[in-house]
Amino acid sequence: MWPDLIRKAKEGGLDAIETYVFWNAHEPLRRQYDFTGNLDLIRFLKTIQDEGLYSVLRIGPYVCAEWNYGGFPVWLHNQPGIEIRTANSVYMDEMQNFTTLIVDMVKQEKLFASQGGPIILAQIENEYGNVISSYGDAGKAYMNWCANMAESLDIGIPWIMCQENDAPQPIINTCNGWYCDQFTPNNENSPKMWTENWTGWFKSWGGKDPFRTAEDLAFAVARFFQNGGTFQNYYMYHGGTNFGRTAGGPYITTSYDYDAPLNEFGSLNQPKYGHLKELHGILHSIEKTITYGNISSIDFGNSVYATIYQLNDTSSCFFGNTNTTTDATVTYQGVDYQVPAWSVSILPDCKNVVYNTAKVNTQTSVMVKKINEAEDEPASLKWSWRPQVIDDTVVLGKGQVSASQLIDQKVTNDVSDYFWYMTSVNLDKDDPIWTDDMSLRVNGTGHVVHAFVNGEYLGSQWASYGIFNYVFEKKVKFNPGNNQLTLLSATIGLQNYGARFDLIDTGLPGPIEIIGKKGDESIIKDLSKHKWSYKVGLNGLDNELVYADKKFASQWQSENLPINKMMTWYKTTFKAPLGEDPVVVDMQGLGKGLAWVNGNSLGRYWPSFIAEDGCSTKPCDYRGSYDNSKCVKNCGQPTQRWYHVPRSFMKEDDNELVLFEEFGGNPSLVNFQTIRPGSVCGSAYENRDMELSCYGRVISDIKFASFGDSQGTCGSFEKGSCEATNDALSIIQNACVGKESCTVPATESVFGSTNCGKGVSKRLLVEAVC
Ligand code: GAL
């Protein structure tokens, strides 16, 4: 997908592509590196270069990024004597080793701008300023060491540190956030730079879908450049998918769509993409003036102000209104200009408003899903299955290693989500704990535990949204004599953020106890120091069930397909959907697990986890500060129902989907769909062109058209109180139906005069079917 995404980014008016470098992906085992396939960093940078764009390389190597363990390889945690992200020689040696490796690779390919390459900035660490105080003097020493180490690598371009107010010279400290117009770098000679303009937000299991309006995002950008900003990067411009086990957490979803301008599937998220594209074009047109010009401003009070950039005899103006409710009139050089609340107008010549952040003149695309229409594709998929063989572990408690303590799941170097804890307990009827009311209690941070006693499933528990430790407690009937206790812990992305996040317990830190209740009295038997036997992973995964041509392939059966049976493998074949639209698989009906297409991991799925309540029924108002709780969607629905299947994972003929269903579910509803714009809504304020496109498909129908003061959102427009005299619907039908795209000027000469009063911003609104 890289060339297509990069091309779309360029068409969207970007100059540079910023990327992190993921240490755990490139050095999964100590000193064993992987830069193949999708991990080919140099190829990625060269693809950017080939498109004629710059690049910003954020090496970190701590990155955060909602990525597993913040990008640290988990073996790092298991290095003797290590303390991560502080002045500790074991850690610093490892960090220096990896950073140097990356810098050397890049240098060898002459990719730094100082060598004629595309990389103009490099980053060391990431937001260390947010946590530095919890590391005391050692934190300060570490930060200075990072700066010196980075400088010593001599790359000939500036190093940046984001969110690090103490960044020592010549490192440039930069800003991250939803707004950065008020940011000032710690050195007056440093440019004002914004490394992460959050275009939306990420999603967690149980969380809602974030939504940041195009108006507010454009406002944040325009405000930043109004206030002297020089460099601004979107985080994310394309967020994509956390395939495999890359999602961090805990509990970050597989989708990392982020409500970014290019959506998870690489399609344009309209109107965000287009509204920003227009803004980028205008900023580029005044680049010289706003970079080299003198800056002055006029304060009109009530959060309304004008900023004038002047270079020789050219000047460019920004009129900003940061008031959240009140529209303003700015009088400048004798002319009145309306500036809506929470918006910025840009006047490249200080006379004509060519852009206002609150006035969107770009189409909105409403994406729809279409069922797989590949030839011969049966209405529902045919499944075969096999159980996850767990007898050795569950019944016999046979592990690979043992210890007389509960061990943290990170000792496994995180090679699997799954880790078995097994022990046996001898209980005598004369034991003081022996009663009719006995239970097992497990304190976990896993984030899921499944408990088995004497080979029988007892129950499961998992962390709820936002609280990642839990207590599992359930009554058990033990046998007199020996009892086999087996606990399967499953992680859902390791912690990626916070001071000392690397030390947070993972798995079952305990205590694990048996409780016997007699009347008011509880007798507790702590098993935490018992001899525990441990096993990493699942047999099925070890046996590579996910690959079709492996030796276990014959053990699948098609009769008696189990439903809602935990620990079950399912397999089916499907034809790749025709065409080029992005493909998703609908996992409705399933519980939680992992999915693969032709051996490529689609990531973790968990459609049974319903997004929490808290969505507003009121329309989303772009005005006022955005945060990730504003304008959220998807309450009460599966947190993530659809999972991206990149076309590069599929072959032309038969493809194979394999599921490992951990919780139990019903695969009969699973199906493949494609995503495309179903309807598009054009919007253009008076004297602008209304442009509509079905992106290569034909506009088949016009459902709504109005030139006046109609309101609403795409799919539910309503006529307002004023309207042009000509029949807007038939004008648009004639101009657009049967075409892939059309352009119609939003003027009274086309639509006739209106009776809209003075001060009404007239707009052409159209809803078309693709
Ligand atoms: C920032 C961090 C990013 C990402 C972002 C939230 O603090 O630098 O890596 O985690 O927050 O999406």
Side-chain angles (χ1 to χ4, degrees), residues 385-404 406-407 409 412 416-429 431 433-444 446 448-462 470-490 507-508 510-516 525-528 530-543 545 552 555-557 560-570 591-593 660-665:
W385 69 282
R386 53 170 288 161
Q388 166 65 32
V389 183
I390 49 177
D391 288 359
D392 269 12
T393 35
V394 171
V395 180
L396 305 173
K398 275 194 196 157
Q400 298 143 329
V401 287
S402 59
S404 294
L406 291 168
I407 55 181
Q409 196 161 338
T412 65
S416 169
D417 280 3
Y418 299 100
F419 191 47
W420 298 86
Y421 292 68
M422 296 162 286
T423 195
S424 55
V425 197
N426 222 315
L427 292 170
D428 198 287
K429 280 195 167 169
D431 209 312
I433 200 171
W434 189 272
T435 70
D436 290 344
D437 184 358
M438 293 172 80
S439 48
L440 174 69
R441 182 154 73 198
V442 180
N443 287 277
V448 174
V449 70
H450 303 294
F452 304 83
V453 175
N454 297 326
E456 297 288 320
Y457 172 64
L458 179 66
S460 307
Q461 177 92 28
W462 52 93
Y470 56 81
V471 180
F472 168 84
E473 189 164 344
K474 195 133 189 217
K475 279 197 179 180
V476 198
K477 276 239 159 312
F478 286 107
N479 297 329
N482 211 36
N483 290 276
Q484 177 57 43
L485 214 78
T486 303
L487 302 169
L488 173 60
S489 162
L508 306 177
I512 297 177
E513 299 156 327
I514 295 176
I515 303 154
K525 190 179 180 75
D526 189 348
L527 306 178
S528 309
H530 252 225
K531 185 163 180 221
W532 288 87
S533 172
Y534 293 99
K535 188 179 160 170
V536 185
L538 297 170
N539 293 331
L541 281 179
D542 299 343
N543 294 340
L545 282 187
F552 291 87
Q555 296 183 8
W556 295 86
Q557 45 186 305
N560 306 322
L561 192 80
I563 303 284
N564 295 332
K565 186 173 180 305
M566 70 186 297
M567 307 278 189
T568 307
W569 291 86
Y570 294 101
K592 169 186 182 285
F660 170 64
E661 175 53 60
E662 179 188 328
F663 279 19

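Residues Gly591 and Glu661 share a closest heavy-atom pair of N-OE1, 3.1 Å. Taking every heavy atom of both residues into account, Gly399 and Ser533 meet most closely at N-OG, 2.9 Å. Between Asn479 and Asn454 the shortest heavy-atom distance is ND2-ND2, 3.1 Å. Here the closest non-hydrogen pair linking Ser489 and Leu508 is CB-CG, 4.0 Å. In this structure, Met438 and Phe478 approach most closely via the heavy-atom pair CE-CD1, 3.8 Å. Smallest separation of non-hydrogen atoms from Val536 and Ser416: CG1-CB, 4.3 Å.
With values rounded to the nearest 0.5 angstrom, Glu513 atom CD is found 8.5 Å from Glu473 atom CD. Here Ser439 contributes atom OG and Lys475 contributes atom NZ; the two are 8.0 Å apart, rounded to the nearest 0.5 Å. Distance NZ/Lys398 to CH2/Trp420: 14.5 Å, rounded to 0.5 Å. Note: Lys592 NZ to Ser460 OG = 10.5 Å, rounded to the nearest 0.5 Å. Here the straight-line distance linking atom CD1 of Ile512 with atom CG of Leu440 works out to 7.5 Å at 0.5 Å rounding.
Of the possible polar contacts, none joining the Asp431 side chain to the Leu427 backbone as a donor-acceptor pair under 3.5 Å is found. Here the side chain of Gln388 pairs no donor or acceptor atom with the backbone of Trp569 at under 3.5 angstrom. Remark: side-chain polar atoms of Gln484 are not paired, donor with acceptor, to backbone N or O of Val453 under 3.5 angstrom. A donor-acceptor contact shorter than 3.5 Å is absent between the side chain of Lys531 and the backbone of Ser402. With Tyr570 contributing its side chain and Leu561 its backbone, the two residues share no donor-acceptor pair below 3.5 Å. The backbone N or O of Asp417 lies less than 3.5 Å from a partner atom in the side chain of Gln409, making a donor-acceptor pair. Side-chain atoms of Ser528 never come within 3.5 Å of backbone atoms of Asp526 as a donor-acceptor pair (strictly under, hydrogens ignored). Using a distance-only test at 3.5 Å, with no hydrogens or angles considered, a donor-acceptor pair links the side chain of Asn483 to the main chain of Gly481. Side-chain atoms of Tyr421 do not come within 3.5 Å of backbone N or O of Lys535 as any donor-acceptor pair.
Between the side chains of Glu662 and His450, at least one donor-acceptor pair of N or O atoms lies under 3.5 Å.
Side-chain contact check for Asn482 versus Ser424: some heavy-atom pair is nearer than 4.5 Å. In this structure, Tyr534 and Met422 have side chains that are not in contact, with every pair of non-hydrogen atoms separated by 4.5 Å or more. Using a 4.5 Å cut-off on side-chain heavy atoms (C-beta onward), Pro511 and Arg441 make no contact. Inter-residue side-chain proximity for Phe663 and Asn564 is flagged as unmet; no heavy-atom pair is nearer than 4.5 Å.
Counting non-hydrogen atoms of other residues, nucleotides and ligands closer than 6.0 Å to CG of Asp436 gives a total of 12 or fewer.
Taking the six-membered ring for Trp, Phe472 and Trp462 have ring centres at least 6.0 Å apart.
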Leu487 vs Trp532, test: side chain to side chain contact (heavy atoms under 4.5 Å, CB included). Steps then yes/no.
CA-CA 10 Å; Leu487 302 169; Trp532 288 87; 4.1 Å; yes
Take Val448 and Tyr418 through the side chain to side chain contact (heavy atoms under 4.5 Å, CB included) test and state the conclusion after the steps.
CA-CA 9 Å; Val448 174; Tyr418 299 100; over 6 Å; no
Applying side chain to side chain contact (heavy atoms under 4.5 Å, CB included), run through Phe419 and Leu488 and close with a yes or a no.
CA-CA 6 Å; Phe419 191 47; Leu488 173 60; 5.8 Å; no
What verdict does the side chain to side chain contact (heavy atoms under 4.5 Å, CB included) test give for His530 and Val425, after you've listed the backbone C-alpha separation in whole Å, the side-chain angles of each residue and the deciding distance to 0.1 Å?
CA-CA 9 Å; His530 252 225; Val425 197; 4.1 Å; yes
